[in-house]
Undergrad: 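Take this structure, written in structure tokens, and hold onto it; I'll ask about it next.
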Amino acid sequence: MLELNFIRANQERVLQGLKIRNFTDEGLGIVNEIIRLDDTRKDTQTELDSILAERNQLSKEIGSLFKQGKKEEADTMRQRVSLLKDRSTELEEKLKATIKELEEHLYTIPNIPHESVPAGSAEEDNEVFKPWPKELPTLAEGALPHWELARKYNIFDLELGTKITGSGFPVFRGKGARLQRALIALFLDEAVKAGYEEIIPPLLVNEETARATGQLPDKEAQMYYVERDNLYLIPTAEVPLTNIYRDVILDEKDFPIKLTGYTPCFRREAGSYGAHVRGLNRVHQFDKVEIVQFQHPDKSYDTLYNMLEHVEGLLNKLELPFRILRLCGGDLSFTSALTFDFEVYSAAQQRWLEVSSVSNFETYQSNRMKLRFRDGKSTRLAHTLNGSALALARIVAALLENNQTPDGIVIPKALQSYTGFELLA
RNA sequence: GGAGGAGUGGCAGAGCGGUUGAAUGCACCGGUCUUGAAAACCGGCGUACCGAGAGGUACCGGGGGUUCGAAUCCCUCCUCCUCCGCCA
């Protein structure tokens, strides 16, 4: 969430940012409401503090009176302190309620978009930051979409997944499973080469963790929830990876911290069934390698561009046509200040598929997480960033479609040592 | 799952109702000394909130309670350790 002090000091900027996110005039009232609540909080705390100070002082005196054996004086004083207590209890309750309300309000404010974020309300308004410079591939007559290819070569089976679990849970098999494993291995190796520490995190997280990275309360409906144990299945490795550094105070020299991890990702994606989500385009469980960085605020945008280059490198290795979008205010995720999406071109479907999303959250997550670094005598919030590198299901979809030949599916060179075969047939 | 034990500052470890945000040691930072380093000695060394500042307040696993006053007593939850059971 946004820092209270930031909101107080930069009201205009906050309002401006919320407008880019298409807040209505009525919605903008939240900012004033927050400041009003914070004023109440300060006043209440100041009063409470002074009462507690008095109580502490008197209590000390009572202590020494007792030691001196002046029991009667102590008793009189004790009664006086009792009176203070009523007022302090009252103020404590008020303070607690105010803080709670304040937090609830803060949770409804998304991150302030970076100045480069274009206005817009939907996908169509996203800016093509880097178009594909060459011709888009065209396929021969009779080219098949990936779900047909899957059937033809027995790569994955969604009906089987439905039998075992439900719709949207693909079963990969044979060379399809091997391809999947090869991609994960390639992506992890590339990330490690780029200096990221490889992590295998838990796939279930608790409420506090989900809250810290912003999945709660904003995206609660998107996560699978294990009620009995009060745990959530991760929708992305971002959640456990970023939380490794929750409640940590770093030294400036620790930057940048770079983590990578492969995990399956679970997303409920409520209400999204239909033709456009066929095959692997949108599933409830998919594999992804994620990269995460923690960086000094002055350097986080350089880092963002480095991460972009890393993802570009992967797509180049896979020889897939792709473009990069800069997300507009309406499409930007709740917690992000600036996000670039990577889309690969899926030649048989003749459409772009999102395979990566690279974001700078600035201090939005670190504020909730209390991830700080020492800056002289005080502490400051670090910046957090993450990106998919890459999301597998759709990469597989594009790979299958774009590389189909009458003899089988051609495996890109960079992947061959991982798959152990050059042609999937 | 059953029985017992324990959770204190970066780490180790005192404190078990009053002047303790917390002894002591280690680590760390600054200084003296030294050609340099080590050693020794001196000083500093948690986080957050309120305040222009002086200063005040909160925090000893989380939450709640008793008390004029709680790291210290009570309740509850969580975590870790030991033993038994089950098990990839």
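Letters A, B, ... are given to chains in the order of the sequence lines, protein chains preceding strands, and every chain is numbered from 1.
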Undergrad: Scan nucleotides 63-73 of chain B nucleotide by nucleotide, 5' to 3', and note B when protein non-hydrogen atoms come under 4.0 Å of the base, S if they reach only the sugar-phosphate, - if neither.
TA: -S--BBS----
Undergrad: Rounding to an integer number of angstrom, what distance separates rA12(B) and rA6(B) when you compare their C1' atoms?
TA: 16 Å
Undergrad: I'd like the P distance from rG5(B) over to rC87(B), given in whole Å.
TA: 28 Å
Undergrad: Hey, is the side chain of Arg374(A) poking within less than 4.0 Å of OP1 or OP2 on rC29(B), counting only N and O atoms?
TA: no
Undergrad: For Tyr224(A) and Phe169(A), take the angle between the two ring planes, folded into 0 to 90°, and tell me which bin it lands in: parallel under 30, tilted 30 to 60, perpendicular over 60.
TA: tilted
Undergrad: For rG18(B) and rG13(B), measure between their C1' atoms and round to the nearest Å.
TA: 24 Å
Undergrad: Select from Glu54(A) and Ser378(A) the residue whose nearest nucleotide in RNA chain B is closer to the 5' end of that strand.
TA: Ser378(A)
Undergrad: Rounded to whole angstrom units, what separation is found between the NZ atom of Lys377(A) and the C1' atom of rC29(B)?
TA: 12 Å
Undergrad: Let me know which of His383(A), Glu238(A), Arg246(A) forms a side-chain hydrogen bond (donor to acceptor under 3.5 Å, both in side chains) with Gln365(A).
TA: Glu238(A)
Undergrad: Rounded to the nearest angstrom, tell me the gap between atom CG in Asp247(A) and atom C1' in rG10(B).
TA: 15 Å
Undergrad: Quick one: look up who rC41(B) pairs with, Watson-Crick or G-U, both distances under 3.5 Å, and put none if it's unpaired.
TA: rG31(B)
Undergrad: Using 4.0 Å as the upper bound for N to carboxylate O, is an ion pair formed by Asp39(A) and Lys42(A)?
TA: no
Undergrad: Could you tell me how the ring of Phe373(A) sits relative to the ring of Phe255(A): parallel (under 30°), tilted (30 to 60°) or perpendicular (over 60°)?
TA: perpendicular
Undergrad: Going by purine N1 to pyrimidine N3 plus the second Watson-Crick contact, or the G-U wobble pair, all under 3.5 Å, which nucleotide sits opposite rA22(B)?
TA: none
Undergrad: For rA48(B), does OP1 or OP2 lie under 4.0 Å from any side-chain N or O of Arg372(A)?
TA: yes
Undergrad: For rA70(B), which nucleotide in any strand shown is its Watson-Crick or wobble partner with both distances under 3.5 Å?
TA: none
Undergrad: Please measure how far the P atom in rU72(B) lies from the corresponding atom in rU24(B), and state the result in whole Å.
TA: 22 Å
Undergrad: Are the charged groups of Glu319(A) and Lys413(A) less than 4.0 angstrom apart, N to O?
TA: no
Undergrad: What orientation do Tyr364(A) and Phe334(A) show, parallel under 30°, tilted 30 to 60°, or perpendicular over 60°?
TA: perpendicular
Undergrad: If I take atom CD in residue Gln57(A) and atom C1' in nucleotide rU57(B), what distance separates them, rounded to the nearest angstrom?
TA: 14 Å
Undergrad: Identify the nucleotide, in any strand shown, that forms a Watson-Crick or G-U wobble pair with rG53(B), with both distances under 3.5 Å; if there is none, say none.
TA: none
Undergrad: According to the Watson-Crick and G-U wobble definitions, with both distances under 3.5 Å, which nucleotide is paired to rG1(B)?
TA: rC84(B)
Undergrad: Starting from P on rC77(B), measure out to CD on Glu207(A) and report it in whole angstrom.
TA: 18 Å
Undergrad: Ile249(A) CD1 to rC59(B) C1': how many Å, rounded?
TA: 14 Å
Undergrad: For the P atoms, the ones on rG56(B) and on rU20(B), what distance do you get once it is rounded to whole angstrom?
TA: 14 Å
Undergrad: CG of Leu250(A) versus P of rU47(B): gap in Å, rounded?
TA: 14 Å
Undergrad: Using atom P of each nucleotide, how far apart are rG63(B) and rA58(B) to the nearest Å?
TA: 15 Å
Undergrad: Take atom CG of Asn230(A) and atom P of rC77(B), then tell me their distance rounded to the nearest Å.
TA: 16 Å
Undergrad: Which whole-number value in Å describes the distance from Leu52(A) CG to rC50(B) P?
TA: 16 Å
Undergrad: According to the Watson-Crick and G-U wobble definitions, with both distances under 3.5 Å, which nucleotide is paired to rU47(B)?
TA: rA58(B)
Undergrad: Have Glu362(A) and Asn111(A) got a donor and an acceptor in their side chains that come within less than 3.5 Å?
TA: no
Undergrad: Name the pairing partner of rG7(B), where a pair is Watson-Crick or G-U wobble with both distances under 3.5 Å, or state none.
TA: rC78(B)
Undergrad: Under a 4.0 Å N-O cut-off, is there an ion pair linking Lys96(A) with Glu93(A)?
TA: no
Undergrad: My understanding is that only one of Leu280(A), Val355(A), Ile184(A) makes a side-chain contact (heavy atoms from CB on, under 4.5 Å) with Leu392(A); could you say which?
TA: Ile184(A)
Undergrad: Pick from Leu385(A), Asp302(A), Val292(A): which one makes a side-chain contact (heavy atoms from CB on, under 4.5 Å) with Met307(A)?
TA: Leu385(A)
Undergrad: Which value, in whole Å, describes the distance between the P atoms of nucleotides rG15(B) and rC73(B)?
TA: 12 Å
Undergrad: Using atom P of each nucleotide, how far apart are rG17(B) and rA71(B) to the nearest Å?
TA: 13 Å
Undergrad: Determine, for Lys193(A) against Glu190(A), whether the closest basic-nitrogen to carboxylate-oxygen distance falls under 4.0 angstrom.
TA: yes
Undergrad: Just to be sure I understand the geometry, which residues of residues 35-51 of chain A put a non-hydrogen atom under 4.0 Å away from RNA chain B?
TA: Arg41(A), Lys42(A), Gln45(A), Thr46(A), Asp49(A)
Undergrad: Hey, is the side chain of Thr379(A) poking within less than 4.0 Å of OP1 or OP2 on rA48(B), counting only N and O atoms?
TA: yes
